Chemist: 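Take this structure first; my questions come after.
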Amino acid sequence: MAGLYVKPGNKERGWNDPPQFSYGLQTQAGGPKRTPLTKRVAASQDGSPRVPTSETSPGAPPMGPPPLSSKASRPPFVGSCPPSSMEPTNFPVVESEILLEDVLRPLERALEDCRGHTKKQVCDDISRRLALLHEQWAGGKLSMPVKKRMALLVQELSSHQWDAADDIHRSLMVDHVTEVSQWMVGVKRLIAEKRSLSSEEEANEEKSVATAEQNQTVPGIQHDP
């Protein structure tokens, strides 16, 4: 096999001189071909360099920077912050003011309705209790919960919701007895007198309607039952 690569001629060499191999014979014999290092590789149309097939291996990892992960964290936008870090600003809660006139005027009106139907002594006692309510309210001796409940009591009283008004009266006597004990008795009595007067007026109204219906009937004409 080695004789195929030996140059012919050169008969003057000694017996112990090494044989001279021929590069051309090795090429013609089908030896392994190598790409010359000085050969340029043509660029592809898309601009990316083309690698010869002889220099690529199927198992080699792709060259270049690693692909960006879809879960990679993004930098926060300038001037913005996540909703979880935003804390609500503590603003002072302004409670709606409850006026004394809005509470006392309906009570005094209810007392005037009861006069003439209720004993004078009872009406005078209720009037004194309402005067104490006015004095303590104007003097700043009543707390905001008491004022709010009294406003609700007056609304229920004006709407003829007697049970609801009485429930608010009892809750005030239980929760704020030291503030309301001097005048709440008069409010309780006013609720009872107003309720009695309303029931009496309703009964009188029903009686008047029945009387009017009887007067409209014509004598001698029998109506079917």
Side-chain angles (χ1 to χ4, degrees), residues 80-217 223 225:
S80 62
C81 55
S84 59
S85 63
M86 297 179 63
E87 298 180 357
T89 307
N90 295 326
F91 292 101
V93 179
V94 180
E95 297 182 349
S96 58
E97 182 180 1
I98 301 176
L99 300 178
L100 172 61
E101 291 77 9
D102 296 339
V103 174
L104 194 60
R105 190 175 302 169
L107 296 176
E108 293 176 346
R109 190 181 305 117
L111 178 59
E112 292 298 327
D113 294 340
C114 294
R115 293 187 183 274
H117 303 275
T118 307
K119 295 180 180 181
K120 184 179 181 299
Q121 182 180 359
V122 175
C123 293
D124 292 342
D125 182 69
I126 295 175
S127 180
R128 286 193 299 269
R129 303 288 182 176
L130 295 182
L132 289 174
L133 169 61
H134 181 278
E135 180 182 353
Q136 292 185 5
W137 190 306
K141 297 180 180 180
L142 299 182
S143 61
M144 183 57 66
V146 172
K147 294 180 180 180
K148 288 183 176 181
R149 293 194 193 183
M150 282 302 301
L152 294 175
L153 187 149
V154 168
Q155 292 179 5
E156 301 295 348
L157 182 63
S158 301
S159 302
H160 294 184
Q161 301 296 327
W162 317 118
D163 293 336
D166 195 51
D167 290 341
I168 298 175
H169 144 260
R170 282 196 295 268
S171 68
L172 285 170
M173 288 296 294
V174 172
D175 299 335
H176 306 278
V177 62
T178 56
E179 296 183 54
V180 305
S181 60
Q182 296 183 4
W183 47 267
M184 184 55 71
V185 178
V187 175
K188 176 185 178 182
R189 187 62 183 269
L190 182 59
I191 295 173
E193 294 296 334
K194 184 63 178 177
R195 183 174 190 173
S196 177
L197 177 60
S198 179
S199 301
E200 183 179 348
E201 290 177 351
E202 291 177 359
N204 292 336
E205 183 178 358
E206 292 177 357
K207 184 178 180 181
S208 299
V209 172
T211 304
E213 291 179 354
Q214 292 179 0
N215 293 335
Q216 290 178 1
T217 57
H223 299 276

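Since this is a predicted model, take the numbers as computed values, not measurements.
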Chemist: Can you tell me if Arg115 has over 12 outside heavy atoms packed within less than 6.0 Å of its CZ?
Modeler: yes

Chemist: Return all side-chain donor-acceptor pairs below 3.5 angstrom for residues 131-142, not counting sequence neighbours, or 'none' if the list is empty.
Modeler:
unit_1	atom_1	unit_2	atom_2	d
Gln136	OE1	Trp183	NE1	3.0
Gln136	NE2	Gln182	OE1	3.0

Chemist: Give, for atom CG of Leu130 and atom CZ of Arg128, the distance between the pair rounded to the nearest 0.5 Å.
Modeler: 11.0 Å

Chemist: So, Arg195 and Asp163, do they make that salt bridge, N to O below 4.0 Å?
Modeler: yes

Chemist: To the nearest 0.5 Å, tell me how far Lys119 NZ sits from Cys114 SG.
Modeler: 14.5 Å

Chemist: Can you list the steps and then say if His176 with Arg149 is a side chain to side chain contact (heavy atoms under 4.5 Å, CB included)?
Modeler: CA-CA 11 Å; His176 306 278; Arg149 293 194 193 183; 4.2 Å; yes

Chemist: When rounded to the nearest 0.5 angstrom, what distance separates CE in Met184 from CZ in Arg129?
Modeler: 11.5 Å

Chemist: To the nearest 0.5 Å, what is the distance between CG (Leu172) and OG (Ser181)?
Modeler: 11.5 Å

Chemist: Would you compute the distance between atom CD of Gln155 and atom OG of Ser158 and round it to the nearest 0.5 angstrom?
Modeler: 8.0 Å

Chemist: Which residue in the set Leu111, Leu157, Val154 passes side chain to side chain contact (heavy atoms under 4.5 Å, CB included) when paired with Pro106?
Modeler: Val154

Chemist: Does the Ser196 side chain pair with the main chain of Glu193, one donor and one acceptor, at a distance under 3.5 Å?
Modeler: no

Chemist: Applying side chain to side chain contact (heavy atoms under 4.5 Å, CB included), can you list everything that pairs with Ala151, at least two apart in sequence or on another chain?
Modeler: Ile98, Val103

Chemist: Given side chain to side chain contact (heavy atoms under 4.5 Å, CB included), test Glu156 with Ile168 step by step and report yes or no.
Modeler: CA-CA 9 Å; Glu156 301 295 348; Ile168 298 175; 4.0 Å; yes

Chemist: Dump the intermediate steps for salt bridge (Lys or Arg N to Asp or Glu O under 4.0 Å) on Glu108 and Arg105, then the final yes or no.
Modeler: CA-CA 5 Å; Glu108 293 176 346; Arg105 190 175 302 169; over 6 Å; no

Chemist: Given side chains that start at C-beta, do those of Ile191 and Leu153 come closer than 4.5 Å, heavy atoms only?
Modeler: yes

Chemist: Would you say the side-chain atoms of Ser198 pair up with the backbone N or O of Lys194, donor to acceptor, closer than 3.5 Å?
Modeler: no

Chemist: With the side chain counted from C-beta on, respond yes when Val180 and Met150 share a heavy-atom pair under 4.5 Å apart, and no when they do not.
Modeler: no

Chemist: Kindly compute the distance separating CD (Glu179) from NZ (Lys147), expressed to the nearest 0.5 Å.
Modeler: 10.0 Å

